Each structure stands twice: as C-alpha cells, then as structure tokens.
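Structure first, then comments.
Just so you know, these numbers come straight off a predicted model, no measurement behind them. All values below come from the heavy atoms of this structure, side chains included, with hydrogens, waters and symmetry mates left out.
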2 protein chains.
Amino acid sequence: MDDQHSVTIKDIAQRLKLSPSTVSRALRGGTEIREETRRLIQEVAREMHYSPNPIALSLKEKKSKIIGVIVPEIANNFCSATIAGIEEVAYSRGYHVIIFQSHELYEREVTSIQLLTSRRIDGLILTISNETRNYDHLQALRGKGIPLVMFDRVCEEIKTHKVVVNDYQGAFDATCHLIREGFTRIAHVAIAPYLSITQNRLKGYEEALRSHHLPVKKNWIVHCDFDAMSIEKAVRQLFEGSERPDAIVASTERLAIGCIKVLREMKLRIPMDVALVGFSDNPLNKFMAPSLTAVQQPTFDIGQKSAELLIELIESKTPPKNYRTIEMKTTLDIQDSSRNLTG
Amino acid sequence: MDDQHSVTIKDIAQRLKLSPSTVSRALRGGTEIREETRRLIQEVAREMHYSPNPIALSLKEKKSKIIGVIVPEIANNFCSATIAGIEEVAYSRGYHVIIFQSHELYEREVTSIQLLTSRRIDGLILTISNETRNYDHLQALRGKGIPLVMFDRVCEEIKTHKVVVNDYQGAFDATCHLIREGFTRIAHVAIAPYLSITQNRLKGYEEALRSHHLPVKKNWIVHCDFDAMSIEKAVRQLFEGSERPDAIVASTERLAIGCIKVLREMKLRIPMDVALVGFSDNPLNKFMAPSLTAVQQPTFDIGQKSAELLIELIESKTPPKNYRTIEMKTTLDIQDSSRNLTG
DNA sequence: CTGAAAGCGCTTACAG
DNA sequence: CTGAAAGCGCTTACAG
C-alpha cells in the first residue's frame with residue numbers, strides 16, 4: 001500500500017538537495033552544523049517518518065544493542081518474573097532482549113551461547129542449567145569480549161558481576177521456622193549438588209539444624225533432576241527409611257510443587273503429616289492447597305539489577321577493577337504448609 | 001584475551017590469497033565455484049571459527065530474521081507458555097524473538113509496535129491489550145509491509161492470519177458443566193466487552209443458559225479491567241443484588257484467581273457457596289484450594305501455530321489469497337471448584 | 001558549515 | 001571458475 005521501503009537518510013538528502021553526511025549530522029546532533037539547516041532537516045525527517053535503521057548502525061558501530069538472556073525455562077514463574085525486570089531496564093536504556101531456554105540441559109546452554117554470540121549480542125545475562133558443571137562456554141565469552149552477568153545459579157569459577165539472594169540465610173530462616181513450629185525431623189530436597197545455590201541453601205539448612213542441636217542426617221538430604229520421575233523418586237526415598245521426616249525444605253519452586261504432588265499421591269497430608277517450605281515467589285502460593293510457605297526471592301529486582309550491571313559493563317570503556325556480587329534479601333512468607341496444627 | 005574482533009570473510013580471503021567474493025560464494029553454497037576451492041575455504045573458515053555476521057546480512061538482504069511478539073504480560077502463564085511455543089518454531093527456522101509487554105495498556109502497545117518496526121522486524125505476533133479498540137497501529141503495519149499474526153485476542157477489523165481457540169464452545173461447555181452439576185444462578189466475569197474473546201465466551205455462556213431454559217441476567221454479567229480493584233469491585237457487585245449467583249464462569253486465568261481471592265475475603269466458600277470455572281492452563285490449577293476447574297487452552301500449540309503462520313507469511317513471495325483463522329480445541333478440566341458437594 | 005570518500009561485513013550482477 | 005565493483009544505510013575523518 002504505502003512505501004514498502006523505509007525512508008533513509010539518502011531520501012531526505014535528495015529531497016533537500018543536501019548530502020547524506022549533512023543529514024546524518026543534523027539528526028545525530030553533531031555540533032558542526034548550522035542551526036537552521038538542522039531544524040529544516042529534522043522537520044523533514046519527522047514529516048517523512050524517518051527512523052534510523054538500527055541494522056546499519058549496528059554494522060557501523062559494531063554494537064547490536066541486543067542483550068541475550070538464557071534461562072532454564074521461560075514458562076516458569078521465577079524466570080519470567082526475572083525477565084520482566086531485565087526487559088524493563090533494557091528497554092529504558094535502548095536495548096532489546098533475546099531470550100533462550102536451556103531447558104535445564106547443558107548441551108542447549110552451550111548451543112544457545114553459540115547462537116547468541118553469532119548474533120553479535122552486546123552482552124549476556126544467564127542463570128546456568130541444572131546440568132552445567134563445565135564453564136568453558138562462559139569462559140569463551142570472555143575471549144570474545146562479551147560482557148556477562150550471572151544471576152541465581154552462579155559459579156565461583158567465572159569472574160564477573162553476579163546477582164544472587166542470601167540463599168544461606170533464606171534456607172536457615174526457613175529451617176528455623178520449621179523447628180520453631182515444633183518439627184524436628186526435617187528433610188531437604190534440592191537440585192544438582194554442584195550448583196552454588198544448592199550448596200548455600202544446604203549449608204543454611206544444616207546450620208539451622210546444628211544450632212538447634214538437631215542431627216544432620218545424610219539420607220534426609222536428596223538431590224534431583226528436573227523430570228517428574230526424579231522428583232518422585234527422591235521424595236519417596238525420604239519416606240522409605242525407618243525414621244520418616246516430619247517436614248521438608250524444598251530448595252526451588254518446582255521442587256516444592258513436586259513435593260506437594262508426590263506427598264498427595266502418597267496420601268500424606270501437608271502439614272499434618274509432613275510440613276513444607278519452598279523457595280518461590282509465585283503469587284499463587286497463597287491460593288494453593290495448602291497455601292505454601294516460601295522463601296520469597298525478589299525476582300523482578302534481580303532482573304533489573306542484572307540488566308543494570310550488564311549495561312554498565314557494556315557501556316564502560318574499561319573493564320572494571322573488580323567484579324561485584326550483589327546479594328538481595330529474601331523474606332519468609334509463612335502460610336499454612338508449615339504450620340504445626342497438632343501442637 | 002583472544003580476538004576481540006570476530007573473523008570476517010576478508011580475513012579468510014587474506015589468509016588464502018583469494019577474493020572476498022570467492023570466499024562468500026564458497027560459504028554460501030553457490031554453484032559457480034571449484035569443488036576443491038570450496039572445500040579449502042570451508043575448512044579454513046571452520047578452523048578460524050568464522051561465523052557470518054547476521055547484521056551485515058540483514059543490511060544486505062533487508063531482513064532482520066527477528067520476529068516481534070507483543071503480549072500483555074510475560075509473567076503470566078498463558079503468555080509465557082505461548083511464547084515458549086513461538087520460540088521453539090522461530091529458532092528452528094533461524095529466527096530470533098524480541099518480546100514486548102503492553103501491560104494491558106493501549107498506549108504501550110502502540111509504542112511497542114513503533115519500537116519494533118524501527119527495529120526492522122520481519123514480522124509480528126500479537127494479542128491485543130485489554131484497552132485496545134483502535135487498530136490504526138496494526139493497519140500501519142500493513143502499510144509498511146510487515147506481516148502480522150494475531151492470537152487469542154484478535155479482531156475482525158484486521159485481515160490476517162489468526163490463531164484462536166473455540167471460545168464459544170469452551171464457555172458453553174463450562175457453563176453446561178455447571179448446570180449439570182446443579183447450579184442454576186450462574187454469573188459471568190469477563191474482561192473488556194469489545195474484545196472478540198469476551199464476546200465469544202459471553203455468547204457461549206448465554207447460549208448454554210438459554211438452551212437449558214435458564215434466564216440470562218444482565219447484572220450477572222460483569223466486565224473488569226486488570227487492576228485488582230476492578231476485579232474486586234466487579235465480583236462484590238455480583239453479590240449485592242437480592243438474588244446471589246451460586247456459580248461463576250471467569251473468562252480468563254487472572255479473573256479466576258481474582259475471584260478466588262475476593263470470594264475468600266467475602267468468606268464465601270468454593271464450591272459450597274459459589275462454584276467457579278476459569279479459563280486457564282496453569283499446571284498449578286490442580287494444586288489450588290480448591291483445585292480449579294478450567295477451560296484449558298493449548299497454549300504451547302497456539303504459540304507454535306502462530307509462529308508457523310507468521311514465517312509462512314514472511315517467506316512467501318506473494319501475499320496469500322486469503323487469510324486463515326485457525327481454531328484450536330479447548331478441553332474442560334474438571335476439578336473441585338465446580339463440584340456440587342451439596343447435591 | 002557542507003560534501004565526497006571510505007568503510008562496517010556481506011552478496012551478487014558483471015567482466016574476464 | 002575467480003575477481004573487482006557496487007551497494008545495503010549509516011557515520012566520520014578529511015577536504016574545502
């Protein structure tokens with residue numbers, strides 16, 4: 001109907017009988033131009049609905065103004081809320097966001113990074129998959145000069161800005177809360193053991209038990225993958241021994257839901273037979289049966305902060321003297337799943 | 001550390017003492033090249049970790065290989081699941097996806113489209129905001145030759161491929177189910193009245209009542225915006241009249257959750273005092289208190305189909321003779337929130 | 001203050 | 001079969 005072809009600087013130049021250079025200068029805001037010419041050009045540009053071609057700009061400036069994001073699963077409340085935070089900051093600073101999902105697979109994470117770097121992204125924000133134990137693909141980003149910010153599941157081995165929550169404290173508080181409610185046989189269901197968040201949450205859990213002189217029992221600590229089978233197996237295993245737990249600290253939202261599901265199948269009531277605390281900030285928590293007590297992570301803020309740090313890295317001329325790890329605060333949202341109704 | 005600068009076709013040419021043209025041809029798979037030269041070039045390219053610069057390609061071919069997506073809110077199960085479907089198809093066909101959120105605001109929808117078109121996206125997939133009643137911004141896409149696919153909240157006025165579910169049938173089935181359970185005073189809580197999905201679901205609801213010789217009462221049909229206040233007001237309003245409903249059909253997931261929240265505040269029990277059916281495919285539905293009966297939409301498939309149709313439009317040389325509207329099937333997932341326990 | 005030229009990385013008619 | 005040239009849309013030293 002209209003112009004299939006977008007208007008370019010050349011079109012404006014032609015119409016005004018000026019050179020493209022002059023038009024570019026007028027639009028860019030360089031100083032070496034007569035104020036009158038500039039006004040004229042800007043007016044015509046507006047009139048012709050000119051908008052600069054970002055692709056040409058990218059080619060010239062070797063910047064794509066695109067940020068890559070890799071998360072395990074976009075259709076997961078933690079991830080989508082974080083992404084919302086990332087997007088808000090990114091867009092306000094003129095960046096666009098391209099999202100990849102690792103589906104908790106190391107393989108997919110590596111491929112995603114390759115695709116993303118071949119797209120010439122300006123920087124990457126990621127939380128590693130449940131399988132990731134080798135960080136060469138992240139190290140490679142370094143080699144290519146692509147800034148990186150990690151959040152949630154970070155790792156020691158990579159030196160860069162990171163955004164995490166106080167996992168240790170969160171798990172500690174959750175466990176103490178259960179103890180205070182009178183539960184004494186508290187189990188812990190976690191994801192892959194080599195992940196930083198797993199280790200920190202595990203430490204918080206253990207320390208809470210110790211500080212209350214409760215034993216830390218190895219077979220009350222189980223790790224699982226992300227398939228339904230694995231969670232089911234792990235949870236059932238907890239109840240096979242002679243001494244059954246009376247409460248569970250689940251280290252992620254998915255695991256908490258998994259626990260609810262399996263406990264229900266096993267006809268164990270929450271919290272009467274087994275109490276439960278998860279890590280989650282799902283707004284649906286309070287509408288669950290039972291409503292779910294959870295260590296709440298400030299997901300949106302985590303996303304925002306990650307994006308801010310990344311853009312800082314992208315736009316600073318020199319690499320920072322030292323990398324920061326921002327630790328956000330969690331809060332324990334107490335609902336019914338952890339209440340001792342028999343007390 | 002390594003090469004800050006990515007290797008280009010020129011680098012390969014230099015090393016092989018060939019011209020960039022030849023290298024390009026070898027890599028692109030043109031026929032006019034000696035098999036031996038090609039093999040050599042490809043080998044060196046691999047060795048040097050060459051990957052074509054998509055930005056240069058975009059500039060040349062006037063294609064960005066980027067698809068824009070606009071949804072109300074990414075941190076919403078319906079949206080994120082649909083996006084997951086879109087991404088899967090997009091990536092498998094070499095496209096990347098840039099997401100914008102309208103936050104249910106017409107204003108933001110318009111701005112997003114502007115930003116997206118200035119990004120030179122190859123096509124757009126969107127579901128309109130709750131506020132959108134004017135479609136000039138979508139029509140403008142036409143003018144610019146940017147293909148469009150609408151899903152979920154579509155509109156008659158724009159002629160293009162669309163992906164919807166059988167909203168009429170879904171609401172009809174949901175309402176019939178309630179009637180079969182013995183509920184007779186069934187209300188309907190919906191979003192903006194001018195949206196296609198609102199109208200179709202409303203029709204299904206009304207027709208179900210009529211076909212069972214139940215009256216359609218105007219004050220049992222309420223529409224709300226997306227803020228919590230609006231939902232609260234709408235639901236409370238339902239119970240102000242002399243004749244109170246004994247069941248509600250909520251036309252989206254958000255509204256269903258909103259109903260649960262407000263009914264709880266009003267100390268009305270679900271389903272004993274008021275039964276509830278929503279539209280939702282949230283995997284948490286069955287873990288809610290009470291578990292939520294819902295018309296399930298095949299979200300992932302909707303996303304996949306939308307992306308397929310869009311890419312078809314993008315890659316076909318000629319505009320299609322006629323636009324299609326794909327209607328997906330919903331299924332009614334019956335849980336506790338709609339059971340008549342008093343019967 | 002304005003313009004011509006070169007270049008970002010790539011492709012593709014056009015010569016040879 | 002291979003290379004030189006032009007061009008995608010833009011910016012920016014370099015002249016004038």
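For Ile9(A), whose side chain is taken as the heavy atoms from C-beta onward, the closest listed nucleotide among dC10(C), dT2(C), dT11(D) is dT11(D). If you check dT11(D), dC14(C), dG9(C) against the side chain of Glu61(A), the one that comes closest is dT11(D).
Between Thr22(A) and Pro20(B), the residue anchored nearer the 5' end of DNA chain D, judged by the nucleotide with its closest heavy atom, is Pro20(B).
Phosphate proximity of dC10(D) to Ser24(A): absent, as no side-chain N or O sits under 4.0 Å from OP1 or OP2. When the side-chain nitrogen and oxygen atoms of Lys60(A) are compared with OP1 and OP2 of dA6(C), none of them lie within a distance under 4.0 Å. Within the 4.0 Å cut-off from OP1 or OP2 of dG9(D), at least one side-chain nitrogen or oxygen of Lys62(B) is found. The side chain of Arg34(A) places an N or O atom within less than 4.0 Å of a non-bridging phosphate oxygen (OP1 or OP2) of dT2(C).
Per the geometry, CG belonging to Leu57(B) stands 15 Å off P belonging to dG9(D), to the nearest Å. The distance between atom CD1 of Ile55(B) and atom C1' of dT11(D), rounded to the nearest whole Å, is 16 Å. Between the C1' atom of dT11(C) and the NZ atom of Lys10(B) lies a distance of 15 Å, rounded to the nearest Å.
Among the protein residues, Leu18(A) comes within range of the sugar-phosphate backbone only, with heavy atoms under 4.0 Å from sugar or phosphate atoms but none that close to a base. In this structure, Thr8(B) reaches the sugar-phosphate backbone alone: every heavy-atom distance under 4.0 Å involves primed, P, OP1 or OP2 atoms, never a base. Residue-level contact check: Thr37(A) touches the backbone only, with heavy atoms under 4.0 Å from sugar-phosphate atoms and none from bases.
Ring geometry for Phe100(A) versus Tyr91(B): interplanar angle under 30°, hence parallel rather than tilted (30 to 60°).
Considering Ile113(B), Ile146(B), Thr160(B), Thr132(B) in turn, Ile113(B) is the only one that fulfils the side-chain contact (heavy atoms from CB on, under 4.5 Å) rule with Leu138(B).
Residues Glu36(A) and Arg39(A) are not paired through a salt bridge, judged by the lack of any N-O separation under 4.0 Å between the basic side chain and the carboxylate. A salt bridge links Glu308(B) with Lys305(B): the distance from a Lys NZ or Arg NE/NH1/NH2 to an Asp or Glu carboxylate oxygen falls below 4.0 Å.
For dG9(C), its base never sits under 3.5 Å from the side chain of Arg120(A) at any donor and acceptor pair.
Shown here for Ile121(A) and Ile67(A), the closest heavy-atom pair between the two residues is CG2-C, 4.4 Å.
To the nearest whole angstrom, the two P atoms, one in dT2(C) and one in dG9(D), are 24 Å apart. The same atom, P, is picked in dC1(D) and in dC10(C); the two are 24 Å apart, to the nearest Å.
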Exercise for the section: Kindly express the pairing pattern of DNA chain D in dot-bracket notation, using | wherever a base pairs with another strand and counting only Watson-Crick or G-U pairs under 3.5 Å. Expected result: |||.||||||||.|||
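For the salt bridge (Lys or Arg N to Asp or Glu O under 4.0 Å) condition, no pair includes a residue of residues 105-127 of chain A, sequence neighbours left out.
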